[in-house]
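See below for the structure under consideration.
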Amino acid sequence: MELFADKSSHPSPLADRMRPRTLEEYVGQDHIVGPGRLLRRVIQADQLSSLIFYGPPGTGKTTLARVIAGSTKSHFITMNAVLSGVKQLREAIDEAKQKRDFYGQKTILFIDEVHRWNKAQQDALLPWVENGTVVLIGATTENPYFEVNSALVSRSRIFQLKSLGDEELFAIARMTIADKERGYGAYGVSFAPDALEHLVKVANGDARTLLNALELAVETTPEEFPPEPGTQIEISLQAAEESIQRKALLYDKEGDYHFDTISAFIKSVRGSDPDAVLYWLARMIRAGEDPRFIFRRMLISACEDIGLADPQALVVVEAAAAAFDRVGLPEGQFHLTQAALYLATAPKSNSALGYFDALAAIEDDPAAEVPNHLRDSNRDAKGFGHGQGYLYPHAYRDHWVAQHYLPSELGGRVFYSPGSLGHEGILRGDIARRKEEQLAAALEEPPEVLTFSPGDKSRERWAARAESGAAQFHRAIRETLFSAVPIQRHWRILDIAPGSGLFMSEALRQAPEGEVVVCAPDARKRAVLTHTASSLEEWEQPRFLEAGFPDGLEILPAEERRFELLVGRDIFLRSGSNAARRGLSGLVKGALQSRGWFLGSQIIPREATRLSELLAETQLDKALTERYREAEEQLYGKEAPETLAWGADDIERALEGSDFSLELFELREHRFKLRPTSETVENWFDPERRTAVKMVSEKLGEEPFDTIRRTAIGELPKREFEWRRGYLIFAANLRL
């Protein structure tokens, strides 16, 4: 059962001879085995857990397993699910037990085409994976979530391999032509114009197909093969065309392409692209897809994607499906086409998804009571007053009256948001007006009062957080930012200003197969962030750099200093000038891959509440208050120093001047109630701590400023103020 057998008596095919032996020889799949990626780190550390490689043929699944075999100290056993069954599995397990019991050695079991095993065969493997007798590496061309037992999937990490790009196929071909030991480096192999390009194009991302065609072209061009070393072999375009045949339509009604193609069809309907809809529809019918399956998906889309924007969509699809049942193929293609085009060109609305918001509300509070006025008055009106207060809509003008119909705990909740197109667009104004009046009716009920013990400091802190809504505000910013960027699971992400770790946590969730690196020079914050990620497996945790940005990059190997995404909070806060902000943007650009992303949230100082606004609430002399306001205003006006009077426009210029395209650039205001403590007010008016206050004090003079400071410390603590902060959120895409 050795992975590498002696084939000297029967020279192996070129595709087998040219298999990479190390990660350095491996071409493609940089998103999972490139420098710094999770899988590469695990292989190099020889700390494998169970894996499943999933991808189209010829992408390197078996090759990657062979690379692992050559890199690990574990015993390695290989099986092919087509040729092996439960008997061979038992033999492999016995061998693994012996290696464990007698030599203390782990066993890695590689099963090629693991999806070919039935449920019973896969079940026979499960206990030995669970108890650690073997570490499983499975390879499959089918989606493992559908074709591999869920128990095995749940115990394995899934890595998806992608079809190789043209440049990667060219690299494989050139390497093969130059390799004197395994390829054709002993001869002078050349290609006529377009010959190699044809082989690469028709290989369609499959390295095995390319190498098989290359082998046929090279070895059939001379009269005899092998010829004398140094013989010139030119591959003509005709030879290339004869050596590779175009594949049949890539479509398997039971496999991944079935699901991918119907997904493309429905997304094209949702995107209102009738040309794409016709293409994907024709592709499915040409491949023999069941038309009833297509109609079923269109019936779902008629409600999910169109809904009340065009209520006739469901009627049209249902009628076309009924007509198809009577007519059949080939004429039934007209009915499929009419239904698909109707959906593609109809106005769109996904307001039906409001149902799932209502379902979530029920999960949050499953015991919410039916309001008394909505209860059945036919049974309990006399004893319990059920139904009292109910307003009968038909007794009012337009057959409608404002009253609330939700449980009191959900007063004001909105689940249905009508779209602006089609039939819903006509109804939208009336629906909005009625909702406003219903909310007014709900407000007539007494509000719930929050009470707490004045001496309970923890409750006071909780109340302050609840009133400010800071957590919810920043969570909303995070959701907006991360939804604006097409993050891939294999990306490497650098957090250059982690703050409380809000962005770091989301990056770890969205890029589990890549890497998150965090610049954390502060030891105390680094300890907190490390604790935040401590529940993850060791190789899944972020890598912390004990230095800020950009100095922290020097800690990394040179090949790992570029990332697909840089993120951070208040990145520009300490950039003292516009030149410094441009410089920081340039440093970010230098740490990004081509077309990489830079996103963040940034407090804008000049958009915040001014201290002079708070002084206006005190008994301070009005003239002195006005002097403070004028001095403060000079700090944020046009003539003010760049360290204080910078804003969103300065950041915009800094980013655009560094070759960034702003895909999201939005200024948000956060308002909340604030009750400052004495310590907080003292800090606000301390010239030694706050540069702006120091500059104001110098303008006013020592005596007037001391008067203002004493008044503020005496009157402002424990009073409630509405505080505002301006936050810029941005997502910038590198143009290069």
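Tested against Lys699, the residues Glu630, Glu632, Gln634 include a single side chain to side chain donor-acceptor pair (under 3.5 Å) partner, Gln634.
Residues passing the salt bridge (Lys or Arg N to Asp or Glu O under 4.0 Å) test with Arg595: none are found, sequence neighbours excluded. For the salt bridge (Lys or Arg N to Asp or Glu O under 4.0 Å) test, no residue two or more places apart in sequence or in another chain qualifies with Arg719. Remark: Glu546 engages Arg526 in a side-chain contact (heavy atoms from CB on, under 4.5 Å) (not counting sequence neighbours). The side-chain contact (heavy atoms from CB on, under 4.5 Å) test applied to Ala712 returns Leu615, Val681, Phe685, Leu716, not counting sequence neighbours. Under the side-chain contact (heavy atoms from CB on, under 4.5 Å) criterion, Ala580 pairs with Ser575, Ser577, sequence neighbours left out.
Neither side chain, Arg478 nor Ser505, offers a donor N or O lying under 3.5 Å from an acceptor on the other.
Rounding to the nearest 0.5 Å gives a distance of 12.0 Å between CG of Leu494 and CD of Glu560. Here the CZ atom belonging to Arg37 is positioned 7.5 Å from the CG atom belonging to Asp30, to the nearest 0.5 angstrom.
At a threshold of 4.5 Å between non-hydrogen side-chain atoms, the residues Leu734 and Asp659 count as touching.
Ion pairing between a basic and an acidic side chain is recognised when a charged N comes within 4.0 Å of a carboxylate O; Asp706 and Arg709 show no such pairing.
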Could you pull out all donor-acceptor pairs under 3.5 Å where a side-chain atom in residues 597-605 meets a protein atom, sequence neighbours excluded?
| unit_1 | atom_1 | unit_2 | atom_2 | d |
| --- | --- | --- | --- | --- |
| Gln602 | OE1 | Ile571 | N | 3.0 |
| Gln602 | OE1 | Phe572 | N | 2.7 |

